[in-house]
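Chain identifiers are assigned alphabetically (A, B, ...) following the order of the sequence lines, protein sequences preceding nucleic acid strands; residue numbering begins at 1 within each chain. Below, each value reflects all heavy atoms present in this structure, side chains not excepted, and no hydrogens, waters or symmetry copies. Since this is a predicted model, take the numbers as computed values, not measurements.
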Amino acid sequence: MSATASPYTSLLHLPHRPFGPRRPRLTRPRCLASLAPASSGASPENEDHLIQTLCAHGRLARAAALLQGLPAPTQRTYESLLLAAARAGDTALAAAVHRRLEADPVFRSDPFLSTRLIDAYAALSALPAARQVFDEAPVKNIFVWNAMLKALALADHGEEALACLADMGRLGVPVDSYSYAHGLKACIAASASHGPASARVREMHAHAIRRGYGLHTHVATTLIDCYAKLGMVGYAERVFTSMPDRNLVSWSAMIGCYAKNERPGDAIQIFQEMMASDADLVPNSITIVSVLHACAGVNALGQGKVLHAYILRRGFDSLVSVLNALMAMYMKCGCLEIGRYIFNWIGRRRNVVSWNSLISGYGMHGFGRESIQVFEEMIQEGISPSIITFISVLGACSHAGLVEQGKKLFESMVDYNVTPRAEHYACMVDLLGRAGRLDEAVELIQSMRIQPSPQVWGSLLGACRIHGHVEYAEMACSHLFDLEPQNAGNYVLLADIYARAKLQNQVDVLKELLEEHALEKVPGCSWIEVKKKLYSFASVDKNPQVEELQALIGEFVTQMKNEGYVPDTGSVLYDIEEEEKERILLGHSEKLAVAFGLINTGSGEVIRITKNLRLCEDCHSVTKFISKFTDREIVVRDVNRFHHFRNGVCSCRDYW
DNA sequence: GTAGGGTTAG
C-alpha cells in the first residue's frame with residue numbers, strides 16, 4: 001500500500017487491563033430506626049454521631065432539628081451538615097449552620113470550618129454569602145484564601161478572583177499550587193477589558209515558574225487546559241513535555257487539548273502513547289469522551305467501535321455524557337441509525353446535549369425535516385432549547401434547503417428566551433444564500449444589531465461562490481480581509497469566483513496578495529478506513545500508487561465523457577492548458593481515496609471517506625457516476641456534511 | 001482536611 005498507514009491504528013488493540021481502582025466499598029447502611037432511641041436522653045456524643053449519620057443519608061430536616069438542641073456540636077458535625085447542605089442544594093440549612101457557628105465561641109474563628117462554609121455557599125451559588133464568610137473570617141489561612149479564590153474562579157467571576165489573588169500578594173500571604181490553579185482559571189474567566197486572556201495566563205505561568213510551581217502536576221495540568229482553551233496548542237505541548245510527573249488527568253488534558261483544537265490525529269496518537277507508557281494509567285470516562293471526540297474528527301469508525309466495547313467493559317455506559325459522545329461519534333462517522341439507537345437507549349436520562357446531538361446528526365446527513373421533528377419532540381417534552389439547539393436545527397434547514405421553516409425557527413428563538421447570536425445569523429445567511437436569496441441574506445446582515453462575525457461574512461461569500469455573485473463576494477471580502485487577514489480560504493474563494501466570471505486580472509491580483517501575506521491554502525486531504533486502518537491522501541502526494549489510482553479514475557472519466565460529462569476545469573486557478581487542468585482534477589484527494597476504496601474493499605462494502613474541505617463540484621459528479629457504474633454505496637463526509645452516493649444519486653440532491 | 005481533565009454546533 002502506498003498510502004500512509006496512520007500511526008494510531010493500534011488503538012484497535014487496547015491492552016487488557018484490570019479495570020483500575022475498584023469501586024470504594026459502600027459502608028453498610030446503618031438502620032436509622034435502630035439509632036433513633038439514642039436521640040432521647042442520649043449523650044451529646046451520640047447526638048453528634050446521629051446528626052452525622054442523618055446527614056450521610058440525606059435526612060436533613062431531622063439533622064437540622066437536632067442541631068438546635070445540641071449544646072456543643074463537634075467540628076465534624078458542622079462539617080457533615082455543611083457538606084450535606086451543599087449536596088442537597090439546601091441553602092437555608094447552610095445559613096442555619098452559619099448562624100449557629102457564629103454563636104459558637106469554640107469554632108467561630110476556626111479556619112477549617114470557614115473553608116467549608118465558603119465551599120458550601122459556592123456550591124449553592126450563593127457567592128455574596130461566601131464572600132461575607134471570607135470577609136468576616138477572623139483567621140484567614142491559605143485554605144480560606146484558596147476556598148474564596150476557587151469560589152470566584154469557578155463562578156466565572158474572573159476579575160474578583162484576580163483581585164483576591166492580588167490581595168494575597170499585597171498582604172504577603174504565600175500562594176501555593178492551589179492558588180495558581182484557581183488563579184489560572186480566573187485568567188480565562190476574566191473579561192477582555194483586563195487585557196487578552198492569553199497574556200494573563202502567560203504572566204501567571206511565568207509567576208508560577210519563578211516561585212517554583214511551574215512543573216507542579218496540578219499547576220501544569222491547569223496550564224495545559226488553559227492554553228488548550230485559548231487555542232495555544234504549542235504552549236500546552238511545551239508544558240506537557242516538560243512535566244516530570246504526569247498522571248491520568250495531565251494526559252487527559254493534553255488529549256482534550258488536541259481534540260478541542262482540531263488535531264484529532266494527534267489526540268489519538270497521544271492516547272496511544274499514554275496506553276503504552278504506564279500500565280497504571282487506566283483511561284476513565286473523561287479520557288474516553290475526548291478520544292471519542294477525536295475518533296469522530298477523523299471518521300475512525302472502527303476505532304470508535306473499539307472504544308464502544310471498552311465503554312461497555314468498564315461500565316461507563318451508565319454515564320449520559322459518555323453516551324452522548326458515543327452517539328455523536330457514530331453519527332459523525334456516518335452511522336445515523338446507530339446514533340438514533342443510542343439516543344433511544346439513553347431513554348429518559350437524555351438531556352439537552354443528547355437532543356442537540358440528534359438534531360445536528362439528522363442535519364448533517366441532510367434530513368432537515370426529521371431534524372425539525374426531533375426539535376419539536378424536544379419542545380413537547382418540556383426541554384428548553386439552548387443556543388446550540390438553534391445552531392443545530394438552523395444548520396439542518398440550511399443543508400436541506402428548508403428556507404421557510406428555517407425563517408420561522410429563527411423568529412421563534414425569542415419565544416424560548418434565546419437571543420440570536422452571530423452564529424445564528426451565520427446559519428441564516430447560509431440558509432438564504434445557498435437557496436439563492438442573496439439580497440435577503442444581505443438585508444439580514446444589514447439589520448443585525450450585533451457586529452457580524454467572520455462566519456457571517458464567510459457564509460455570504462460561500463453563497464456567492466455557489467451562485468457566482470461577484471459584487472456581494474467583494475462586499476463580504478472587504479470585511480473578511482480586514483477581520484481575518486490570515487485566512488487563505490477567503491482569498492481562494494474570491495479568486496475562484498473571479499475565475500468563473502472570467503476576470504483573470506482580478507485572479508492574478510489575489511494570487512499576488514496571497515504571496516504577499518505568505519499565505520498558503522489548506523491542502524485538500526482525504527481519509528479512508530480500510531480493514532480498520534486509516535489511510536490518508538493528499539493531492540500533493542507523488543508516489544507510484546497514486547498514479548495507479550489516477551489511472552483508474554481516468555478510465556471512469558473516459559466512460560463519463562461518453563455520457564456527456566465535462567470536467568469542471570473552471571475551478572482550476574492556474575493559467576495552464578485545459579488538458580493539464582483535467583489532470584489536476586484527476587489528482588484530487590477525494591477521487592484517490594474512492595479509487596483506493598474500490599480496489600481494497602469487498603464489493604458489498606460501503607466506502608466511507610472523510611475530506612478536510614468542502615467537496616468540489618467535479619469530485620461530486622465523478623463520485624455519483626462511480627457509485628452507479630460500480631454499484632457501490634459511497635459515503636463522503638466533507639467539512640460541512642455527509643454525502644451518501646448510491647446508484648448515481650447523492651443524498652444532498654446536489655444542494656450543498 | 002483544599003485541587004487538576006469531559007458531553008452538543010460551526
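Phosphate contact (OP1/OP2 of B/dA9, side-chain N/O of A/K332, threshold under 4.0 Å): present. The side chain of A/H424 places no N or O atom within less than 4.0 Å of a non-bridging phosphate oxygen (OP1 or OP2) of B/dA9. Between A/K260 and the phosphate of B/dG6, there is a side-chain N or O to OP1/OP2 separation shorter than 4.0 Å.
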Inset, instruction - Would you check, one step at a time, whether the test ring pair (Phe, Tyr, Trp, His ring centres under 6.0 Å) holds for A/H207 with A/Y213? - result: CA-CA 9 Å; A/H207 196 281; A/Y213 282 104; 9.7 Å; no
Inset, instruction - Report the C-alpha distance between A/M428 and A/K407 in whole Å, list the side-chain angles of each, state the deciding distance to 0.1 Å, and finish with yes or no for side chain to side chain contact (heavy atoms under 4.5 Å, CB included). - result: CA-CA 8 Å; A/M428 286 307 291; A/K407 282 170 77 171; 3.8 Å; yes
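Atom CE in A/M364 sits roughly 10 Å away from atom C1' in B/dT8 (whole-Å rounding). The interatomic distance linking A/D317 (CG) with B/dT7 (P) rounds to 19 Å, in whole Å. Taking atom CG on A/L149 and atom P on B/dG4, their separation rounds to 12 Å, with Å as the unit. Rounded to whole Å, atom P of B/dG10 lies 11 Å from atom CG of A/N356. Atom C1' of nucleotide B/dG10 and atom CG of A/D638 are separated by 13 Å, given to the nearest angstrom. In this structure, A/I342 places its CD1 atom 13 Å from P of B/dT8, rounding to the nearest Å. Put simply, CD1 on A/I188 is 14 Å from C1' on B/dG4, counting in whole angstrom units. The CD1-C1' distance, from A/I288 to B/dG5, rounds to 13 Å in whole Å.
Residue-nucleotide stacking is present for A/Y178 and B/dT2, judged by a side-chain ring centre under 5.5 Å from the six-membered base ring centre and planes under 30° apart.
Under the side-chain contact (heavy atoms from CB on, under 4.5 Å) criterion, A/T77 pairs with A/D48, A/I51, A/Q52, A/P73, A/T74, A/L81, sequence neighbours left out. For A/T221, the side-chain hydrogen bond (donor to acceptor under 3.5 Å, both in side chains) test picks out A/S250, with sequence neighbours left out. Listed by chain and residue number, A/E79 satisfy the salt bridge (Lys or Arg N to Asp or Glu O under 4.0 Å) test with A/R76 (two or more places apart in sequence, or in another chain). Legend: residues meeting salt bridge (Lys or Arg N to Asp or Glu O under 4.0 Å) with A/E160, ordered by chain and number and at least two apart, are A/R131.
Considering only side-chain atoms of A/V249, the nucleotide from B/dT2, B/dG4, B/dG6 that sits closest is B/dG4. When distances are taken from the side chain of A/L248 to each of B/dT2, B/dG5, B/dG6, the shortest belongs to B/dG5. The side chain of A/S321 lies closest to B/dG6, out of B/dG5, B/dT2, B/dG6.
Within 4.0 Å of A/D119, counting heavy atoms only, lies no atom of the nucleic acid at all. Among the atoms of the strands shown, only primed sugar atoms or phosphate atoms (P, OP1, OP2) are found under 4.0 Å from some heavy atom of A/S360. Within 4.0 Å of A/E423, counting heavy atoms only, lies at least one base atom of the nucleic acid. Nucleic acid contact class of A/N640 (heavy atoms, under 4.0 Å, all strands): none. Using a 4.0 Å heavy-atom cutoff across all strands shown, A/S354 reaches no nucleic acid atom at all. Within 4.0 Å (heavy atoms only), A/E262 reaches no atom of the nucleic acid at all. Contacts of A/S177 with the nucleic acid, taken as non-hydrogen atoms under 4.0 Å apart, are absent. Contacts of A/D225 with the nucleic acid, taken as non-hydrogen atoms under 4.0 Å apart, involve only primed sugar atoms and P, OP1 or OP2.
A donor-acceptor contact under 3.5 Å is not formed by the side chain of A/S290 with the base of B/dG6. Under 3.5 Å, the side chain of A/D430 and the base of B/dG10 form no donor-acceptor pair of N or O atoms. The base of B/dG4 sits with one of its N or O atoms less than 3.5 Å from a complementary donor or acceptor on the side chain of A/N247.
Relative orientation of the A/H479 and A/W457 rings is parallel, given thresholds of 30° and 60° on the angle between their planes.
Taken residue by residue, residues 377-393 of chain A places heavy atoms nearer than 4.0 Å to DNA chain B at A/I388, A/I391, A/S392.
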Compile the donor-acceptor pairs under 3.5 Å between side chains in residues 371-381 of chain A and protein atoms, sequence neighbours left out, one pair per line.
from	atom 1	to	atom 2	distance (Å)
A/S371	OG	A/I359	O	3.0
A/E381	OE2	A/R350	NH2	2.6

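For the side chain to side chain contact (heavy atoms under 4.5 Å, CB included) criterion with A/Y180, the lone passing option out of A/R211, A/K185, A/H216, A/H205 is A/R211.
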